[in-house]
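Note that the numbering runs from 1 along the sequence shown for the chain.
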Amino acid sequence: MGLYHRFILLISLILISWSVTIAFGPQIKSLRVYSSGDQLNFPIIDYSDPDKESITIDFDVQADNMPNMNIIFKFCDADWNPYDNAFLSNPMYNSEMNLWFDKLPNNIQGARYHYNGSFPNNNVTFPFSGKWKFFIVDPYNKNLILASGRFFVVYPQVKLNIQVASEGLQGEMKEIAFSGRTLSLRTNFVLPDSLFSANVKRVEIIANRKFNYPIVINRNSFSPDRFFEWNAASKFSFIARNVRPGNEYRTTDIRDIGKYNVPPVYAHFGEIETSNLFTMGRRDFNGASYLFDFKNDQAEYIKVTFRLRSPDEIKSSIFLVGSFNDWKVLPEYEMFDDNGMMNLSVELKRGVHEYQYVTGQIVNRSVENINWEILEGNFYQTENEYRIFLYYGSEEKGGYDKIIGYKKIKTGAL
């Protein structure tokens with residue numbers, strides 16, 4: 001074999017080895033971000049609240065050897081796009097290097113290592129009020145993103161006054177009675193003299209953990225359901241109408257190793273689920289999950305099968321969505337029809353997971369026309385957490401989307 005062919009063979013072997021490493025490299029599982037060390041908390045740093053001045057990043061890793069990873073933090077615009085602006089990159093304080101991993105008990109199936117870190121710290125700070133993303137990356141190739149997550153940082157400057165009213169569906173005929181139960185959310189505020197009314201951009205409302213499906217009222221777009229009022233001075237009102245409260249989330253509690261042990265493991269022991277259209281659910285964690293501590297000898301991963309007997313009139317595809325997939329309706333979570341029984345198996349860590357069944361259609365590898373209520377119901381009594389964010393076009397540092405107002409409210413509490 002000639003020198004040239006040996007060189008080509010060597011390069012090919014290196015590329016094959018690299019691709020195998022990527023394909024079978026470390027796998028991040030159960031990635032979560034939450035406030036102040038409490039896994040049930042929404043992921044926000046609120047510098048007006050002494051109990052909400054940090055976030056925790058928590059995940060497991062399945063790998064043969066001790067992982068080597070970094071976390072990079074990036075400031076984002078109101079649409080979660082990281083800024084390509086050196087003034088907003090927070091150099092020298094945007095990375096956590098050489099993460100420390102604990103080893104899980106030897107009997108644990110599904111993962112071998114665990115990471116838990118609190119931020120800000122000596123290495124990482126968050127100087128801007130707004131949306132932030134973090135990226136878990138390979139230390140030798142920062143473009144190799146292993147996982148990512150999102151959280152909010154707020155330095156509130158404006159006091160928000162939220163008014164909630166129960167009302168019937170406005171502007172269209174109700175197909176069935178349950179769809180007529182809606183809320184109106186009105187956000188009122190007075191802008192201080194130090195800020196410019198022309199720079200007020202929008203109000204965004206997030207229900208529970210639905211980051212991917214926010215209610216947005218833009219200043220520059222109007223509809224009968226989303227609009228704002230302004231007195232041409234400093235007083236504003238942003239209104240969202242026809243907000244459906246939905247239902248409490250379904251819950252699977254797979255902590256009992258005696259009950260949920262021998263395959264197949266079902267989300268509800270000995271039960272087949274049905275539509276909750278006319279059934280009010282029990283109080284929940286508002287979209288969070290509660291998982292076993294990594295030191296627990298039972299903190300393993302098991303494959304859980306969700307089973308739903310869907311009503312005959314449901315013709316759309318049915319998807320499973322929950323705390324285990326960041327409440328994002330994804331094509332890979334479409335349920336399979338087995339002679340009228342809808343099935344889907346998901347690997348979950350032992351703990352309590354919240355979820356729902358929704359309908360939709362897959363269009364270009366995404367799910368559209370999502371209906372959250374047709375299988376889950378819609379009740380005024382549903383207890384939801386709504387987080388309201390006020391965005392302002394700051395002219396600092398070359399300009400960015402700044403959160404200047406924040407408020408959390410609860411609705412439907414008995």
Side-chain angles (χ1 to χ4, degrees), residues 30 109-110 175-179 181 208-210 244-292 298 300-362 367 369-379 381-383:
S30 299
Q109 300 294 319
E175 295 181 4
I176 50 180
F178 85 94
S179 66
R181 301 170 187 145
N208 299 322
R209 301 300 180 94
K210 293 181 181 177
R244 295 182 180 179
N247 200 350
E248 303 290 341
Y249 298 129
R250 300 177 192 245
T251 300
T252 178
D253 184 347
I254 52 174
R255 290 175 293 180
D256 189 337
I257 194 170
K259 190 175 181 181
Y260 296 94
N261 187 22
V262 180
V265 171
Y266 296 111
H268 287 271
F269 187 79
E271 297 180 17
I272 296 173
E273 296 183 90
T274 58
S275 171
N276 274 349
L277 183 60
F278 302 109
T279 304
M280 180 71 190
R282 298 178 179 178
R283 290 290 181 253
D284 55 37
F285 296 150
N286 290 315
S289 59
Y290 184 85
L291 306 183
F292 273 148
Q298 298 177 6
E300 63 182 344
Y301 286 80
I302 57 175
K303 184 154 286 189
V304 179
T305 299
F306 293 80
R307 299 183 296 173
L308 173 70
R309 181 77 69 185
S310 176
D312 292 338
E313 59 268 23
I314 300 296
K315 304 302 180 185
S316 301
S317 298
I318 297 175
F319 300 84
L320 177 67
V321 60
S323 54
F324 40 78
N325 66 0
D326 201 25
W327 291 101
K328 189 172 184 180
V329 185
L330 300 168
E332 55 265 38
Y333 283 82
E334 181 181 4
M335 303 189 76
F336 300 96
D337 188 346
D338 183 11
N339 295 320
M341 179 76 71
M342 308 306 296
N343 292 270
L344 187 68
S345 295
V346 180
E347 186 184 54
L348 299 177
K349 187 174 182 176
R350 286 197 183 273
V352 182
H353 301 265
E354 298 193 335
Y355 64 97
Q356 284 189 327
Y357 299 112
V358 304
T359 63
Q361 291 84 37
I362 298 177
V367 183
N369 301 317
I370 300 170
N371 189 318
W372 294 86
E373 293 86 30
I374 194 65
L375 287 168
E376 297 297 351
N378 185 46
F379 299 89
Q381 299 92 334
T382 301
E383 183 180 289

Trainee: Does Met280 reach the side chain of Thr382, with side-chain heavy atoms less than 4.5 Å apart?
Mentor: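 Yes, at least one pair of side-chain atoms sits under 4.5 Å.
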Trainee: If I take atom OG from residue Ser310 and atom CD1 from residue Ile374, how far apart are they, to the nearest 0.5 angstrom?
Mentor: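 These two atoms lie 9.5 Å from each other.
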Trainee: Can you confirm whether Phe324 sits close enough to Tyr333 that some side-chain heavy atom of one is under 4.5 Å from a side-chain heavy atom of the other?
Mentor: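 Side-chain contact under 4.5 Å: yes.
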Trainee: Between Gln361 and Asn369, do the side chains contain a donor N or O and an acceptor N or O under 3.5 Å apart?
Mentor: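 Distance-only check passes for Asn369 and Gln361.
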Trainee: For the side-chain contact (heavy atoms from CB on, under 4.5 Å) test, which of Val358, Asn276, Ile318 pairs with Leu375?
Mentor: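 Option passing the side-chain contact (heavy atoms from CB on, under 4.5 Å) with Leu375: Ile318.
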Trainee: Could you check whether atom CD of Gln109 has more than 12 heavy atoms from other residues, nucleotides or ligands sitting under 6.0 Å from it?
Mentor: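 Not more than 12 within 6.0 Å, no.
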Trainee: Could you check Asn378, Val329, Thr359 and say which one makes a side-chain contact (heavy atoms from CB on, under 4.5 Å) with Trp372?
Mentor: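 Of all the options given, the one that passes is Val329.
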Trainee: What I want to find out is whether Glu300 reaches Arg350 closely enough, with some N-O distance under 4.0 Å, to be called a salt bridge.
Mentor: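 Salt bridge flag = yes for Arg350 with Glu300.
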Trainee: Can you find a pair of side-chain heavy atoms, one from Asn208 and one from Trp327, that are under 4.5 Å apart?
Mentor: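 They are not in contact (no side-chain heavy atoms under 4.5 Å apart), so the answer is no.
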Trainee: I'd like to know whether NZ of Lys210 has more than 12 heavy-atom contacts from other residues, nucleotides or ligands below 6.0 angstrom.
Mentor: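 It does: Lys210 NZ has more than 12 such atoms within range.
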Trainee: Please check this pair: side chain of Asp338 against backbone of Phe336, looking for a donor-acceptor N/O pair closer than 3.5 Å.
Mentor: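 Between the backbone of Phe336 and the side chain of Asp338 there is no qualifying donor-acceptor contact (under 3.5 Å).
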Trainee: Compare every heavy atom of Glu248 with every heavy atom of Gln381, then report the nearest pair and how far apart it is.
Mentor: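 Heavy atoms of Gln381 and Glu248 come nearest at O-OE2, 4.3 Å.
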Trainee: Any side-chain heavy atom of Val304 within less than 4.5 Å of one from Val346?
Mentor: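 A side-chain contact is absent here, since even the closest heavy-atom pair is not under 4.5 Å.
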Trainee: Phe319: what forms a ring-ring contact (aromatic ring centres under 6.0 Å, His included) with it, not counting sequence neighbours?
Mentor: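 In terms of ring-ring contact (aromatic ring centres under 6.0 Å, His included), with neighbours along the sequence ignored, Phe319 is linked to no residue.
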Trainee: Heavy-atom distance under 4.5 Å between the side chains of Ile362 and Ser317, does that happen here?
Mentor: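 Heavy-atom side-chain distance check fails, nothing below 4.5 Å.
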Trainee: How close do Asn286 and Asp284 get, counting heavy atoms only, and between which atoms?
Mentor: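 Taking Asn286 first and Asp284 second, the nearest heavy atoms are N-OD1, 2.8 Å.
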Trainee: Report yes or no: is the cationic atom of Arg307 (NZ for Lys, CZ for Arg) under 6.0 Å from the centre of the six-membered ring of Tyr266, at an angle within 45° of the ring normal?
Mentor: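 So Arg307 does make the cation-pi contact.
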Trainee: Okay, side chain of Asn325, backbone of Gly322: is any donor-acceptor separation there less than 3.5 Å?
Mentor: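 Answer holds: yes.
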Trainee: Provide the closest heavy-atom pair for Ser323 versus Ser289 in the form atom of the first, atom of the second, distance.
Mentor: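 Looks like OG-CB, 3.6 Å.
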Trainee: Let me confirm one number: the CD1-CD distance from Ile257 to Gln298, rounded to the nearest 0.5 Å.
Mentor: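 These two atoms lie 4.5 Å from each other.
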Trainee: Going by the rule salt bridge (Lys or Arg N to Asp or Glu O under 4.0 Å), which residues pair with Asp326 if we only count those two or more places apart in sequence or in a different chain?
Mentor: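 By the salt bridge (Lys or Arg N to Asp or Glu O under 4.0 Å) rule, Asp326 matches Arg150.
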Trainee: Evaluate Asn247 against Glu373 for side-chain contact (heavy atoms from CB on, under 4.5 Å), listing each step before the verdict.
Mentor: CA-CA 8 Å; Asn247 200 350; Glu373 293 86 30; over 6 Å; no
Trainee: Could you tell me the separation between the CE atom of Met335 and the CG atom of Leu308, rounded to the nearest 0.5 Å?
Mentor: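 Met335 atom CE to Leu308 atom CG measures 5.5 Å (nearest 0.5 Å).
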Trainee: Could you measure the distance from the CG atom of Leu348 to the CD1 atom of Ile302? Nearest 0.5 Å is fine.
Mentor: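 Output value for this atom pair is 7.5 Å.
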Trainee: Could you pull out the closest heavy-atom pair between Val321 and Lys328, with the gap in Å?
Mentor: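 It is CG2-N, 3.6 Å.
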Trainee: Which heavy atom in Leu277 sits nearest to a heavy atom in Ser275, and how many Å separate them?
Mentor: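 For Leu277 and Ser275, the tightest heavy-atom pair comes out as N-OG, 3.1 Å.
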Trainee: Check the pair Leu291 / Ser30 against side-chain contact (heavy atoms from CB on, under 4.5 Å), numbers first and verdict last.
Mentor: CA-CA 9 Å; Leu291 306 183; Ser30 299; 4.0 Å; yes
Trainee: Ring-plane angle category for Phe285 and Tyr290, please: parallel below 30°, perpendicular beyond 60°, tilted otherwise.
Mentor: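 Answer is tilted, since the angle falls between 30° and 60°.
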Trainee: Who passes salt bridge (Lys or Arg N to Asp or Glu O under 4.0 Å) against Asp253, sequence neighbours left out?
Mentor: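 In terms of salt bridge (Lys or Arg N to Asp or Glu O under 4.0 Å), with neighbours along the sequence ignored, Asp253 is linked to Arg255.
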Trainee: Taking the side chain as every heavy atom from C-beta outward, state whether Glu273 and Tyr357 have any atom pair closer than 4.5 Å.
Mentor: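 Side-chain contact under 4.5 Å: yes.
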Trainee: Can you name the closest pair of heavy atoms from Tyr355 and His353 and give their distance?
Mentor: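 Taking every non-hydrogen atom into account, CD2-O, 4.0 Å.
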Trainee: Working to the nearest 0.5 Å, report the span between CG of Leu320 and CD of Glu334.
Mentor: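 These two atoms lie 11.5 Å from each other.
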Trainee: About how many Å separate CD of Glu354 and OG1 of Thr252, when rounded to the nearest 0.5 Å?
Mentor: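 So the gap between those two atoms works out to 11.0 Å.
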